[in-house]
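Because the structure is a prediction, the values reported are computed rather than measured. Below, each value reflects all heavy atoms present in this structure, side chains not excepted, and no hydrogens, waters or symmetry copies.
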Amino acid sequence: MQKMIVIQPRPRAWLEGSILQPYVSQYGEHLQRRRYAPGTQRAYMCCIAHFAHWMTQEGYGLEAIGQAAVIRFLSEHLPACVCPDPVRRIRHDLQAALGHLLEVLKAGGVVPQYPARNSAIEQELTRCDIHMRDVCGLADRTRRRRCKVVEEFLVEHVGEQPISMATVKATTVRHFILGERGEAPQPSPRSASPLPAISAFAVYPAIG
């Protein structure tokens with residue numbers, strides 16, 4: 001039987017008031033199945049509470065959760081974090097805790113089941129996001145949507161190979177944008193058209 005992981009009231013409220021609330025119990029079960037010590041379980045639960053609070057403040061939806069969001073949290077939010085205490089700010093704990101969170105969300109079908117990928121994709125996503133912010137002046141929500149599309153493209157069509165748009169065939173890009181039927185999907189309010197994201201990604205390395 002799962003034992004409830006007890007954390008302070010503020011982090012608990014952050015979790016309960018966030019889009020991660022339905023997955024908190026599953027996350028606890030995940031940690032306990034791996035026989036983490038009670039102190040580590042509490043630390044990791046506080047870590048995802050911090051992440052949940054940031055996502056709420058940033059207006060993230062479930063469809064935007066992924067490696068790109070984790071990278072942005074760690075590289076942009078954490079160094080300048082002013083979230084009220086008690087809050088977990090130890091980077092290696094946050095990285096480990098969020099890695100487990102993505103595993104839980106993937107198992108639940110919330111995050112696509114991508115194969116393991118090298119850090120080159122993570123670094124590329126960070127550079128792409130910085131370019132869109134500093135050069136293109138795009139809003140946070142727009143950047144998040146576009147980084148999500150770029151992440152999907154890189155994982156699906158680049159994988160472990162060196163990242164270079166010069167080596168990607170035009171037919172590969174066309175297939176990704178148009179899909180199996182060869183027709184561009186009509187974007188819903190919650191989804192991003194892949195064309196602007198891939199176009200920006202194809203251009204920015206040449207001028208960045």
What is the minimum heavy-atom distance between [X] and [Y], and which atoms define it?
X     : Y     : value
Ile7  : Cys46 : CG2-SG, 3.7 Å
Ile5  : Gly28 : CD1-CA, 3.7 Å
Pro22 : Gln26 : O-NE2, 3.8 Å
Pro11 : Ala49 : O-CB, 3.4 Å
Ala52 : Leu15 : CB-CD2, 4.1 Å
Ser75 : Arg91 : N-NH1, 4.4 Å

Output the distance between atom [atom1] ([X]) and atom [atom2] ([Y]), rounded to the nearest 0.5 Å.
X      : Y      : atom1 : atom2 : value
Leu20  : Ser18  : CG    : OG    : 4.0 Å
Thr40  : Asp93  : OG1   : CG    : 8.0 Å
Leu125 : Arg143 : CG    : CZ    : 12.5 Å
Gln21  : Arg12  : CD    : CZ    : 10.0 Å

Within a strict 4.5 Å, meaning less than it, do heavy atoms of the [X] and [Y] side chains meet?
X      : Y      : result
Met132 : Cys147 : yes
Cys83  : His77  : yes
Leu94  : Phe51  : no
Arg35  : Gln32  : no
Leu98  : Phe73  : yes
Thr56  : Ile19  : no
Gln95  : Leu74  : yes
Cys128 : Glu124 : no

Check against salt bridge (Lys or Arg N to Asp or Glu O under 4.0 Å), Glu103 and Arg34: CA-CA 13 Å; Glu103 286 184 34; Arg34 282 155 178 74; 3.7 Å; yes
Check against side chain to side chain contact (heavy atoms under 4.5 Å, CB included), Tyr23 and Val110: CA-CA 10 Å; Tyr23 309 97; Val110 179; 3.3 Å; yes
Single-linkage hydrophobic cluster, 4.5 Å side-chain cutoff, Leu62 and Tyr60 together: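 Yes: a chain of side-chain contacts under 4.5 Å links Leu62 to Tyr60.
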Same apolar cluster: Met45 and Val87, side chain cutoff 4.5 Å: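 No, it is not one cluster - the side chains of Met45 and Val87 are not joined through contacts under 4.5 Å.
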Aromatic ring pairing Trp14/His53, orientation class (parallel under 30°, perpendicular over 60°, tilted between):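 If you compare the ring of Trp14 with that of His53, the planes turn out parallel.
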Sidechain-backbone polar pair: Lys148 side chain, Ile65 backbone, donor-acceptor under 3.5 Å: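 Answer holds: yes.
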Check: His50 side chain, Arg88 main-chain N or O, donor-acceptor pair, under 3.5 Å: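 Such a contact is found between His50 side chain and Arg88 backbone.
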No-hydrogen, no-angle side-chain donor-acceptor test under 3.5 Å, His100 and Tyr36: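 Yes, Tyr36 and His100 have a side-chain donor paired with an acceptor closer than 3.5 Å.
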